[in-house]
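What follows is a set of notes on a single structure, which appears directly below.
Nothing fancy with the numbering, it's 1 onward along the sequence. In this text the structure is predicted, and so the values were computed from the model without any measurement.
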Amino acid sequence: MTIPNTDRLVPPALSVLRIVSAYLLILHGSAKLFGFPHVAFFDNLQLVSLLGAAGVLEFFGGILLLIGLFTRPVAFVLSGLAAFAYFIGHASRGFVLAPSLNQGEAAVLFSFVLLFIAAAGAGPWSIDAWRRRAPVAGASAAAA
């Protein structure tokens, strides 16, 4: 049984998924770069390190995702970052096919959610969608 008119909820739901995912990425990045929220593991983190680079990508990529600007390429890069985070930081701690045993569930989930966003796009509540709707300057003059 399907609920009538649920198809109209999919585009806004995509935007909500993007916005919430971006917020969580920004928090990951700000914990690494600025110490807020404080995560003891990131104390004395060097910016020129794998974790420092990940923090930069998470924070600034998260901001781009939050506003929905260049969503597809940013989400694709961040999906790869999350996959690398899993294989570099988590898979070696336990059975590679059991993320629940190596604390890698969030990295795996981020990777696939971001891969979906890279494929599906930003949704209607984004700068990318606004740019597609905005008329091109001079287009009406060319049509006349």
Side-chain angles (χ1 to χ4, degrees), residues 1-140:
M1 177 177 154
T2 56
I3 301 170
N5 297 321
T6 55
D7 288 345
R8 65 186 173 84
L9 298 176
V10 173
L14 174 59
S15 291
V16 170
L17 178 65
R18 174 186 49 81
I19 290 165
V20 171
S21 299
Y23 172 72
L24 294 174
L25 281 168
I26 291 168
L27 285 179
H28 275 267
S30 69
K32 291 176 178 119
L33 298 177
F34 310 119
F36 181 80
H38 181 257
V39 177
F41 183 77
F42 301 136
D43 287 346
N44 302 315
L45 178 75
Q46 298 296 314
L47 187 59
V48 183
S49 66
L50 281 177
L51 282 176
V56 169
L57 287 172
E58 289 165 348
F59 185 75
F60 293 104
I63 290 172
L64 289 172
L65 277 184
L66 184 72
I67 63 175
L69 182 61
F70 308 121
T71 301
R72 289 178 192 263
V74 169
F76 185 75
V77 168
L78 291 173
S79 172
L81 172 71
F84 274 105
Y86 178 73
F87 286 108
I88 291 171
H90 298 279
S92 61
R93 291 193 218 156
F95 184 50
V96 69
L97 296 179
S100 59
L101 299 178
N102 59 33
Q103 290 77 44
E105 293 163 305
V108 171
L109 194 56
F110 265 122
S111 183
F112 282 95
V113 166
L114 291 165
L115 189 60
F116 173 75
I117 292 170
W125 303 336
S126 65
I127 292 176
D128 288 343
W130 175 78
R131 290 171 59 207
R132 277 192 311 275
R133 287 190 302 263
V136 177
S140 59

For the [atom1] atom of [X] and the [atom2] atom of [Y], what is their distance to the nearest 0.5 Å?
{"X": "Tyr23", "Y": "His28", "atom1": "OH", "atom2": "NE2", "answer": "11.0 Å"}
{"X": "Ser126", "Y": "Phe70", "atom1": "OG", "atom2": "CZ", "answer": "12.0 Å"}
{"X": "Ile26", "Y": "Phe60", "atom1": "CD1", "atom2": "CZ", "answer": "10.5 Å"}
{"X": "Leu64", "Y": "Phe59", "atom1": "CG", "atom2": "CZ", "answer": "11.0 Å"}
{"X": "Leu78", "Y": "Phe110", "atom1": "CG", "atom2": "CZ", "answer": "9.5 Å"}
{"X": "Arg131", "Y": "Leu69", "atom1": "CZ", "atom2": "CG", "answer": "6.0 Å"}

Would you name the heavy atoms of [X] and [Y] that are closest together and state the gap between them?
{"X": "Ser79", "Y": "Ser111", "result": "OG-O, 2.8 Å"}
{"X": "Arg18", "Y": "Ala122", "result": "NE-O, 2.8 Å"}
{"X": "Ala129", "Y": "Gly123", "result": "CB-O, 3.5 Å"}
{"X": "Pro37", "Y": "Ser30", "result": "CD-OG, 3.9 Å"}
{"X": "Ala91", "Y": "Asn102", "result": "CA-ND2, 3.7 Å"}
{"X": "Pro124", "Y": "Pro11", "result": "CD-O, 3.0 Å"}

Without swapping roles, check the side chain of [X] against the backbone of [Y] for a donor-acceptor pair under 3.5 Å.
{"X": "Arg93", "Y": "Gly104", "result": "no"}
{"X": "Arg72", "Y": "Ala119", "result": "yes"}
{"X": "Thr71", "Y": "Gly121", "result": "no"}

Review point. Would you say Phe41 and Leu51 make side-chain contact, with heavy atoms under 4.5 Å?
Key: yes

Practice item. Could you check if a side-chain atom of Asp43 sits within less than 4.5 angstrom of a side-chain atom of His38, using non-hydrogen atoms only? Key: yes

Taking [atom1] in [X] as the centre, count heavy atoms belonging to other residues, nucleotides or ligands within less than 6.0 Å. Is the count above 12?
{"X": "Phe34", "atom1": "CZ", "result": "yes"}
{"X": "Leu101", "atom1": "CG", "result": "yes"}
{"X": "Phe76", "atom1": "CZ", "result": "no"}

Criterion side-chain contact (heavy atoms from CB on, under 4.5 Å) against [X], the qualifying member of [options]:
{"X": "Leu57", "options": "Leu25, Leu81, Val74", "result": "Leu81"}
{"X": "Phe112", "options": "Val108, Leu109, Leu114", "result": "Val108"}
{"X": "Ile19", "options": "Leu66, Ile67, Leu24", "result": "Leu66"}

Practice item. Step by step, work out the side-chain contact (heavy atoms from CB on, under 4.5 Å) result for Phe116 and Leu17. Key: CA-CA 10 Å; Phe116 173 75; Leu17 178 65; 4.0 Å; yes

